[in-house]
J.: 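After the structure tokens below, expect a handful of questions from me.
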Amino acid sequence: LTRREGEVLALVAQGLTNAEIGRRLFISEATVKTHLLRTFTKLDVDDRTRAVMVAHERGLLPQP
């Protein structure tokens, strides 16, 4: 994952919505969605929950 994709996914893991992530990172909600879609492809998943689970399993995110 790119640095930004990791940042977005870490915020998803904290339970933030796309709008909240966008405000936190000073990017548009559409850009958040683009980062998430690219992350889903790289992790071979179809949704936010599975992306966070796989990222944790692969050591891409800190454990909660």
Side-chain angles (χ1 to χ4, degrees):
L1 302 178
T2 66
R3 179 187 56 80
R4 186 59 110 185
E5 290 165 352
E7 291 171 343
V8 169
L9 193 55
L11 294 172
V12 167
Q14 293 177 27
L16 275 66
T17 66
N18 289 353
E20 291 168 331
I21 293 167
R23 285 191 298 273
R24 176 89 52 100
L25 298 178
F26 303 102
I27 58 177
S28 72
E29 192 171 344
T31 301
V32 172
K33 290 177 185 179
T34 297
H35 287 307
L36 285 174
L37 290 174
R38 290 181 180 161
T39 299
F40 293 173
T41 299
K42 290 177 180 181
L43 297 179
D44 193 27
V45 299
D46 295 321
D47 61 66
R48 298 162 69 94
T49 302
R50 187 73 182 131
V52 170
M53 290 173 54
V54 169
H56 278 300
E57 289 169 3
R58 295 183 185 177
L60 301 174
L61 291 175
Q63 292 299 321

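Side-chain atoms are counted along with the backbone in the values below, which use heavy atoms only and exclude waters and symmetry mates.
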J.: What pairs with Arg3 under salt bridge (charged side-chain N to carboxylate O under 4.0 Å, His left out), at least two apart in sequence or on another chain?
T.: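 Listed in chain order: Glu7.
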J.: Scan residues 44-63 for pairs that pass salt bridge (charged side-chain N to carboxylate O under 4.0 Å, His left out), counting only residues two or more places apart or in two chains.
T.: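 Qualifying pairs, neighbours excluded: Arg50-Glu57.
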J.: Assess the residue pair Leu9 and Leu1 against the criterion (side chain to side chain contact (heavy atoms under 4.5 Å, CB included)); give the C-alpha distance rounded to whole Å, side-chain angles, the decisive distance to 0.1 Å, and a yes or no.
T.: CA-CA 10 Å; Leu9 193 55; Leu1 302 178; 4.0 Å; yes
J.: Please report the shortest heavy-atom distance between Ala51 and Leu43, naming the atom on each side.
T.: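 Scanning both residues, the minimum pair turns out to be O-CD1, 3.6 Å.
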J.: Go through the steps for Leu11 and Leu25 under the test side chain to side chain contact (heavy atoms under 4.5 Å, CB included), then give the verdict.
T.: CA-CA 10 Å; Leu11 294 172; Leu25 298 178; 3.8 Å; yes
J.: Considering only Ile, Leu, Val, Met, Phe, Trp and Tyr, and joining two whenever side-chain heavy atoms are under 4.5 Å apart, list the other residues clustered with Phe26.
T.: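 Grouped by the 4.5 Å side-chain rule, Phe26 forms a cluster of one, so the answer is none.
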J.: Please report the closest heavy-atom contact between Leu61 and Ala13, naming both atoms and the distance.
T.: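 Closest heavy-atom pair between Leu61 and Ala13: CD1-CB, 4.2 Å.
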J.: Using atom types as modelled, flag every donor-acceptor pair under 3.5 Å from a side chain in residues 30-38 to any protein atom, sequence neighbours excluded.
T.:
residue	atom	partner	partner atom	Å
Thr31	OG1	Ser28	OG	2.9
Thr34	OG1	Ala30	O	3.1

J.: Restricting to pairs with a member in residues 18-29, which pass salt bridge (charged side-chain N to carboxylate O under 4.0 Å, His left out), not counting sequence neighbours?
T.: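 For residues 18-29: none.
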J.: With a 4.5 Å cut-off on side-chain heavy-atom distances among I, L, V, M, F, W and Y, is there a chain of contacts connecting Met53 to Leu16?
T.: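 Looking at the clustering, Leu16 is in a separate group from Met53.
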